[in-house]
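Okay, structure first, notes after.
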Amino acid sequence: MPPSSSKKKTSERFPAGYGDFVLKSSDGVVFHFSRSILAYMSEFFCGMFELPETEKIQGTARNPLVLTETAAVPEVFLEHIDPKSLTSTIDPNTAIDFFEMARKYQVRTIFDRFQLTLRRERDQRTGLLFSRPLAVLYIALQHDMEMAGKWALQQLVQCSAALIENDEVEISAKTLQCIHRLRRRRVQKLQAYIDVIVETNTKNNIPFKPFARAPSSRAAQIGNRSMKSAPWHYPMSVHRAKGASQA
């Protein structure tokens, strides 16, 4: 479901009556959510609700808890902790702010679920990992998600250079240098792989056949992935030639 527009004063997804606690985004959209669910999912809110009654001055219709995030961010944040929500997607444009909100309000479940989602999307080759791998790496580094960082690096060394150049995430120069170094190593491995095939065919007088996908043309665009998962296949004649040479 798309996030609420800032022109609407109340969230369509979390309207009045949806819960007994009221939050308000920085652009004026009001969200109603369950106090008990917030306390269960968030260490921050759990501690807040344990304060003496005289200090519980926020969270009412007259005095909502004012957030620093615009409406799109808390909308997705609440969807991720709402047990009634059947789907909860992450907008690539607000992903960094969303995870920062999860960190600020101490909702660890969001990070655990994100890594499970990345694992599924990695197999399906869809989602944030493929649309903004640099942002995923940034999020992983900021929030100590080891597997997410590993998968992001694997994608960064083989993705289009445009995905790196056009992403405005503030990644360190040292990290960018590491990524480019890995991409260069991948190109070198691909070229070495091609040289072995050509040499083997030449020694065994086997006419060279073109690849299903020419690695030489993709080598400048993709990074340093393992040869076992290379996205092309060399001719079966090369397999036979290797077997003959070993014999």
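If you're wondering where the values come from, they're calculated on a predicted model, not measured in any experiment.
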message: Within this structure, what is the CD1-CG distance for the pair Ile139 and Leu137, rounded to the nearest 0.5 Å?
response: 9.5 Å
message: Can you tell me how far apart CD (Glu121) and CG (Leu128) are? Round to the nearest 0.5 Å.
response: 7.0 Å
message: With a sphere of 6.0 Å drawn around CG of Asp123, does it hold more than 12 non-hydrogen atoms of other residues, nucleotides or ligands?
response: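 Atom CG in Asp123 is packed in, count exceeds 12.
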- prompt: For Gln124, does the CD atom sit with more than 12 other heavy atoms under 6.0 Å from it, leaving out its own atoms?
  reply: yes
Over all atoms of both residues, closest heavy-atom pair of [X] and [Y]:
| X | Y | answer |
| --- | --- | --- |
| Ser11 | Phe31 | CB-CD2, 3.4 Å |
| Ile37 | Pro83 | CD1-CD, 3.6 Å |
| Gln158 | Gln154 | NE2-O, 3.1 Å |
| Cys46 | Ala39 | CB-O, 3.3 Å |
| Phe21 | Gln58 | CE1-O, 3.6 Å |
| Arg113 | His80 | NH1-O, 2.6 Å |

message: side-chain hydrogen bond (donor to acceptor under 3.5 Å, both in side chains) for Asp167 and Tyr138? Distances and angles first, verdict last.
response: CA-CA 11 Å; Asp167 200 318; Tyr138 175 85; over 6 Å; no
For the side chain of [X] and the backbone of [Y], is there at least one donor-acceptor N/O pair under 3.5 Å apart?
| X | Y | value |
| --- | --- | --- |
| Arg183 | Leu156 | yes |
| Thr94 | Ala72 | no |
| Asp27 | Thr70 | no |
| Arg132 | Pro92 | yes |
| Gln106 | Ala102 | no |
| Ser42 | Tyr105 | yes |
| Asp82 | Leu78 | no |
| Gln115 | Ala148 | yes |

query: With a 4.5 Å heavy-atom cut-off, do Val29 and Thr10 have their side chains touching?
result: no
- request: Please examine the side chains of Ser85 and Arg13, heavy atoms only from C-beta on, and report whether any two atoms are closer than 4.5 Å.
  value: yes
Centroid-centroid distance, His32 to Phe14, less than 6.0 Å: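 Centroid separation for His32 and Phe14: 6.0 Å or greater.
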message: Please say yes or no: joined through hydrophobic side-chain contacts below 4.5 Å, possibly via intermediate residues, are Phe45 and Val66 part of one cluster?
response: no
- prompt: Under a 4.5 Å side-chain heavy-atom rule over Ile, Leu, Val, Met, Phe, Trp and Tyr, are Leu141 and Leu163 clustered together?
  reply: no
field: Aromatic plane relationship, Phe77 with Phe98 - under 30° parallel, 30 to 60° tilted, over 60° perpendicular
entry: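 Because their plane-to-plane angle is over 60°, the rings of Phe98 and Phe77 count as perpendicular.
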- prompt: Under 6.0 Å from the six-membered ring centre of Phe49 and within 45° of its axis: does the NZ or CZ of Arg35 meet both?
  reply: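 Ring-cation test returns yes.
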query: Can the positive tip of Lys104 be found less than 6.0 Å from the middle of the six-membered ring of Phe99, inside 45° of the ring normal?
result: no
task: Flag the pair Arg108 and Asp112 as a salt bridge only when some basic side-chain nitrogen lies within less than 4.0 angstrom of an acidic carboxylate oxygen.
output: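 Salt bridge present between Arg108 and Asp112.
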task: Might you work through the side-chain hydrogen bond (donor to acceptor under 3.5 Å, both in side chains) test for Ser25 and Glu69, ending with a clear yes or no?
output: CA-CA 6 Å; Ser25 66; Glu69 296 81 12; over 6 Å; no
